Amino acid sequence: MARLGLTLVALLSACYFYGVGFNLIFLLPALLAPLLLIATCSVRRIMAVLQANRLLMWLSGLTLLLLVGHQLFFSISPDTSYAASLIAAALPLWALVAVLYERRARLVRVVFAVVLMFACISTVDYLVSGQRAHAPLWDPNNFVSLLYLAWMPWAFARLADAPDTRGGLGWTLLISMIFALALLAAHSRVAMMVVAGVAVGGLLCCWWFRLQWRHSIALALACLLAAGLYLGIDPSGASSAVTPQTVSDSGDHRLLMLEAALAAVRDFGGVHGTGLYTFAQLYPLYRSPLEQNTVGVFVHNDYVQILLEGGVWLALPLLLLCACVVFTGLRLAAARIWHPRIGLLLAVGCVMVHAAVNYVFYVLPLTLVLGLYIGVLFAREPLQAGNTRGGAVPMASAAKWTGVVLLALNCFYLCIDAMTLGVFANQLHVPAAAHIKSDPARMLAYARFAQTVNSSRGVPVLGEAMLLDNQLSSDSPRAQV
């Protein structure tokens, strides 16, 4: 239960993380929870899992090291890249957590319970006040991704009508209606396609895999009822999202941004890229005069943006993941063998497609959930205990504690960054920041301490300069007069 509690805290904190400029401290649980989970995992368990999942664990660990080290050595703006690197690192990190956890299905249930709560709140808000669904996330399209990541595994797992399926057709109908209406209330074209796809996909799965039709019909009926209710409440919201002018304008802007990003890849891309989250600094060099309406932070195509910012060695693991998802899906479809995790596979596949038209791998709750799902999907439970002969135990123990120390160092530096922003940028919820801010001498001492610990950050330097300028101004003869 403690492991599930840590996962729950990390997921809730991730959903309320709004970026470096708002509440950086909320990024910490997404790193601290895996640190505690890995530290409390026995060496024998790690050895057994490593023997059964050698390729998955090595790829996850290597990708994690690349993401953490990339912003230290190759980013053109470490101040900009460090948080984005940690957000992306949540994917392989939580994949490792899921691989090490014995009862992986419980992790999926935690995700489902949390997102169902958000879906219920959004549905009630929409029915009562007509508010567009997105909370607690800021971007409605990211909220859509989070919703179908939770809904699809649950909905498709019920199609087999297994004896251990909790609840009957009524639960399938009610919960699917909640998710479908919350998706539609986001006024997103992707959400409309997801609702239609789940309804049709459930029927197709029952036909192809020769399943009973009860839950698939209830699922399709829930989608139809939600669509009818949505059209009855707000027909203008549905029509405005799919008007030819809206679709054309959105497509034109994204196409121009994609062309600019590809031009930047030709000039600045390569093996290591420019550093995650640095596209905004390069975009003014390539921005078209016809595209002036967007913020210019994301390309709205994660594959091109990661190729530019992360280079070839960060784009390759992502493409390998896409290939594994496609290959596994085709293999299951060709064999016509129903697997209870097909819903997980479809949800991850939808996110991979969605990443081609939006930003997914830069959003903390999505990378966290994706990491858990990938671990659940591709991990194999060891049939026997790990090999304890020879020097296997010392090597496994050394690997474990090396990973724990590296995670602890990243948590420490993240705490320093969060404290710096709490002191000099007035971010809330940072412990002891108010105590330091109450005394200019303590602020100056902290600014110098932060520079000593991490000289690559610019905020402590600017903070020290501001404090010294204030001291000079207060000590000047004019100020005394």
Side-chain angles (χ1 to χ4, degrees), residues 14 59-60 63 66-67 70 84-95 111 115 134 137-153 183 186 188-194 197-198 250-251 253-255 257-262 264-265 269 273 276-280 294-329 344-375 377-378:
L59 284 176
S60 298
T63 305
L66 287 173
L67 283 165
H70 186 267
S85 297
L86 294 177
I87 290 170
L91 197 157
L93 182 58
W94 281 93
V111 174
V115 181
H134 65 85
L137 278 64
W138 274 4
D139 185 86
N141 285 303
N142 295 145
F143 185 61
V144 166
S145 299
L146 188 63
L147 286 175
Y148 68 69
L149 275 173
W151 180 34
M152 291 177 69
L183 280 163
S188 166
R189 293 183 294 274
V190 172
M192 297 176 187
M193 289 188 287
V194 167
V198 168
S250 176
H253 291 312
R254 296 188 181 192
L255 183 60
M257 295 179 72
L258 181 61
E259 292 175 352
L262 290 173
V265 168
L276 293 184
Y277 207 64
T278 56
F279 172 71
T294 64
V295 179
V297 174
F298 298 107
V299 182
H300 290 274
N301 185 315
D302 277 354
Y303 303 101
V304 174
Q305 186 159 356
I306 289 177
L307 180 62
L308 168 64
E309 299 176 343
V312 174
W313 61 8
L314 288 183
L316 281 178
L318 184 58
L319 295 177
L320 179 61
L321 174 61
C322 294
C324 290
V325 170
V326 172
F327 174 76
T328 305
L344 277 174
L345 191 67
L346 290 173
V348 173
C350 286
V351 168
M352 296 298 175
V353 175
H354 198 179
V357 294
N358 200 35
Y359 53 97
V360 171
F361 301 107
Y362 293 82
V363 182
L364 182 59
L366 300 184
T367 56
L368 191 156
V369 173
L370 273 174
L372 288 176
Y373 281 11
I374 289 165
L377 268 175
F378 297 109

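Given the structure is predicted, the values throughout are model-derived calculations rather than measurements.
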Passes side chain to side chain contact (heavy atoms under 4.5 Å, CB included), V194 versus V190? Steps please.
CA-CA 6 Å; V194 167; V190 172; 4.2 Å; yes

Side chain to side chain contact (heavy atoms under 4.5 Å, CB included) assessment of V360 paired with L370:
CA-CA 10 Å; V360 171; L370 273 174; 4.1 Å; yes

For L276 versus S85, what's the shortest heavy-atom pair and its separation?
CD1-CA, 3.7 Å

Whether the side chain of N358 engages the backbone of H300 through a donor-acceptor N/O pair (distance < 3.5 Å, no angle test) should be reported.
no

More than 12 heavy atoms from other groups under 6.0 Å of OH on Y277:
no

Does a side-chain heavy-atom distance below 4.5 Å link L319 with Y303?
yes

Between S145 and H354, is there a side-chain donor-acceptor contact under 3.5 Å, judged purely by atom types and distance?
yes

For the pair L146 and L137, evaluate side chain to side chain contact (heavy atoms under 4.5 Å, CB included) and give the outcome as yes or no after the intermediate values.
CA-CA 9 Å; L146 188 63; L137 278 64; 3.9 Å; yes

Rounded to the nearest 0.5 angstrom, the CH2-OG1 distance for W94 and T367 is 10.5 Å

Among L346, V198, V351, find the one that has a side-chain contact (heavy atoms from CB on, under 4.5 Å) with Y148.
V351

CA sep, side-chain torsions, deciding dist, call: Y373, V111, side chain to side chain contact (heavy atoms under 4.5 Å, CB included):
CA-CA 10 Å; Y373 281 11; V111 174; 3.6 Å; yes

How many angstroms lie between CD1 in I306 and CG in L314, if you round to the nearest 0.5 Å?
7.5 Å

Between the side chain of T328 and the main-chain N/O of V325, is any donor-acceptor distance below 3.5 Å?
no

If you look at every heavy atom in V297 and A280, which pair is closest and at what distance?
CA-CB, 4.1 Å

Here the gap from L67 atom CG to I87 atom CD1, rounded to the nearest 0.5 Å, amounts to 11.5 Å

Any donor and acceptor pair, going by atom type alone, linking the side chain of N301 with main-chain N or O of M257 inside 3.5 Å?
no

